[in-house]
Protein chains: 2
Amino acid sequence: MSKRTSLKDIADKVGVSTALVSYVINGQEKEKRVGKEVVKKIRTAALELNYQPNQIARSLRKGSTKTIGLIVADIANPFFGNLARVIEDEASRLGYTVIFGSSDEDSGKMESLVDILINRQVDGFIIVPAEGTELQIKALQEKKIPLVLTDRYFIDVTTNYVALDNYGASFDAITHLIANGYKKIGMIAYKSNLIHMQERVRGYIEAMKANNLENEIRLEEVRYNYTMIDNEKAMNNLAIGEKKIDAILFATNSLTVSGLYCIKKLNLKIPEDLAIIGFDGNEAFDFFYTPLTYIEQPIEEMGKEAVGMLVEQIDGSTKIAHIKLRHTLIKRQSSL
Amino acid sequence: MSKRTSLKDIADKVGVSTALVSYVINGQEKEKRVGKEVVKKIRTAALELNYQPNQIARSLRKGSTKTIGLIVADIANPFFGNLARVIEDEASRLGYTVIFGSSDEDSGKMESLVDILINRQVDGFIIVPAEGTELQIKALQEKKIPLVLTDRYFIDVTTNYVALDNYGASFDAITHLIANGYKKIGMIAYKSNLIHMQERVRGYIEAMKANNLENEIRLEEVRYNYTMIDNEKAMNNLAIGEKKIDAILFATNSLTVSGLYCIKKLNLKIPEDLAIIGFDGNEAFDFFYTPLTYIEQPIEEMGKEAVGMLVEQIDGSTKIAHIKLRHTLIKRQSSL
DNA sequence: TTTGAATGTTTAATCGATTAAGCTTAATTT
DNA sequence: AAATTAAGCTTAATCGATTAAACATTCAAA
């Protein structure tokens, strides 16, 4: 790497101290009363030498890196990819750069990601926390590192967060199914204590109860690392045989997609044999032979809010905000 | 942010100089002959104080940040999301962290991303270059910043790159269509001078010529920012009316998806009215009423190779490698 | 006994930018 | 003329870790 130009190079060229150069570069020539001639010379020299300030040095000195650490479950998952994109744009608008990592819903991986990003002195974190990471989050808070949780949060750890009103979303979806005449409604969710999953399940159960269908409740839980296998079992349990149901709500995008593969395999007619509602948008939902009804999340709002809240924290605010966003139920043929 | 523990804190606690602490922390106690007792004390103190080295300070001193800058067209696009994921994992395996940005295929955005990442002193770049960014790439080379291009590259700029053998992929797809009896084969591509697009088109044209079908060549070019509109026009031109074709090759994932929307709208029967072949995998391809034949890219290999090549460069290698990877043609009903 | 190694440790410069404090002149006020 | 103020600039410490070089002590060889 050929030597980059530093403040010193400019200072030498113009024949002044680095202090003056720094003032001019940072637009403080007025406050610091730098001579007009000198300002011009410095500006010219900076351009000629194509000076770019070294952010690392600046960060070390200032104790702030203008960097946000983003931890999601998996950047390859379209939901998180889209979220990451929104966060990137919003962060960049506010002068921040994003470093990311995927936790794979694994608390160990998440811990090492957090450590790595702390060592890189990120100014704050946006985290989609994995199961069992309460203590990690608490530790971050004790270190007074700005932090916003997204998608999920912990009831017993008071943090900033932006999440969907998951309870309301499920409730709405189930209510919609019931309104369309379905009664034997099942749900396939991930086996997880995370609040977003619990709330989605709770919305299902409460909606069933509210319609006196508590006896029809059929919840199947799938392990994250065995999505396909467990989902297939679950679908067999629910959609086949004597006690088969007539509608299903899937709790996430990936569960919906893997569910669709099962449905194809089982050769089920949608919505005649089984009505379905999915979670999050996905191009696949549009091209399934019966277009899918699904719960749409306001990803853009979620990402923007998260960045906004985080930057407020970084700028010194200590207020804690809990934001719950509303879903949109996109109604199509799969639930008619 | 409560004060983090620094080398100095440990040094003070143990009663030695920071030098010794640094040696021990970096596992150089043998070479630097640090006393056994002292080593123990330092280790203990480091644990007690939960010492985490400040990477910023280390980076400034060492002139290396152990950071890779990744620039893709759009992280929300599944192809790039998957690529990013592979790159993240491989980078992390080698001790690197990834900073990313999306260029939106815009040379201006790409330039500012590159500048920002340079100022953050990334050790090297993995770039999916936008159209018209040859000079930016050349500038990076002149600054001797390690660099690997992916997905595309420039003929007149000699750089490391990893890309698909796009010519071969198109050629193969067209050959497959012809083997299945299709003759009036069209192609929808992006209007772009980028090599990957040019090669995909060239593969199409050469395959047609090789089969004495040069008179049937029907190429439609779509503008990136008007994918939907232009694609719809293109589809109307190709698939409707007197001179309609009987098969189409789409040049990218996004073109394929938007093409599927058109096909749905036009109510075409696949493959009876029109055979189609898409680019890259996509869950939507599996659920389209006729499962799609598509050209699969070896994303994992691509990402791993890119990181591997980049780290070699960072470690001082100056050899230039051009890697072309082979596709896999996933044959299904849409091209029967 | 002297010289030379070997061992163990400290000192201080360095990376590049920031910034409080101090130092010159010149200009203005009393 | 002396004192004050302003204008314009430099000095040097600082952020935290790294590392070449110097220093000090002990031990062994000549």
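Residue numbers begin at 1 in each chain, while the letters A, B, ... track the order of the sequences. Keep in mind the model is a prediction, meaning the values are calculated, not measured.
- Atom CD1 of Ile56(B) is separated from atom P of dA17(D) by 12 Å (rounded to the nearest Å).
- You'll find that the side chain of Asn54(A) is closest to dA17(C), out of dA17(C), dT9(C), dT19(D).
- The side chain of Ser17(B) contributes an N or O atom lying less than 4.0 Å from OP1 or OP2 of dT10(C).
- Per the geometry, CG belonging to Asn119(A) stands 13 Å off C1' belonging to dG16(D), to the nearest Å.
- Using a 4.0 Å heavy-atom distance criterion, Val21(B) is classed as making no nucleic acid contact.
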- Does the side-chain hydrogen bond (donor to acceptor under 3.5 Å, both in side chains) test come out yes or no for Arg120(B) and Asn54(A), once each step is laid out? CA-CA 7 Å; Arg120(B) 291 183 184 263; Asn54(A) 182 325; over 6 Å; no
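- Checking dA12(C), dA17(C), dC9(D) against the side-chain heavy atoms of Ser6(A) singles out dA17(C) as nearest.
- Residue-to-nucleotide proximity on DNA chain C shows that, of Ala19(B) and Thr18(A), the 5′-proximal contact is made by Ala19(B).
- Applying the 3.5 Å distance criterion, the base of dA17(D) shares no donor-acceptor pair with the side chain of Tyr51(B).
- Contact between the side-chain N/O atoms of Asn26(B) and the OP1/OP2 oxygens of dT18(D) is found at a separation under 4.0 Å.
- dG22(C) atom C1' lies 13 Å from atom NZ of Lys32(A), rounded to whole Å.
- Atom-to-atom, OH of Tyr23(B) to C1' of dA20(D) comes out at 8 Å; the value is rounded to the nearest Å.
- Comparing dT18(D), dT19(C), dT11(D) against the side chain of Lys62(A) picks out dT19(C) as the nearest.
- In this structure, the side chain of Glu88(B) engages the main chain of Ser102(A) through a donor-acceptor pair within 3.5 Å.
- A donor-acceptor contact closer than 3.5 angstrom links the side chains of Tyr153(A) and Lys324(A).
- Taking atom CG of Leu7(B) as the reference point, atom P of dT19(D) lies 12 Å away to the nearest angstrom.
- For dT14(C), its base sits under 3.5 Å from the side chain of Arg61(B) at one donor and acceptor pair at least.
- The distance between atom CZ of Arg33(B) and atom P of dA22(D), rounded to the nearest whole Å, is 15 Å.
- Nucleic acid contact class of Ser22(B) (heavy atoms, under 4.0 Å, all strands): base.
- At least one donor-acceptor pair closer than 3.5 Å links the side chain of Thr65(B) to the backbone N or O of Gln121(B).
- At whole-Å resolution of the value, CD in Glu37(A) and C1' in dA7(D) are 15 Å apart.
- Checked by atom type and distance alone, the side chain of Gln136(A) pairs as donor or acceptor with a backbone atom of Glu111(A) at under 3.5 Å.
- Between the CG atom of Leu20(A) and the P atom of dT18(C) there is a distance of 13 Å, given to the nearest Å.
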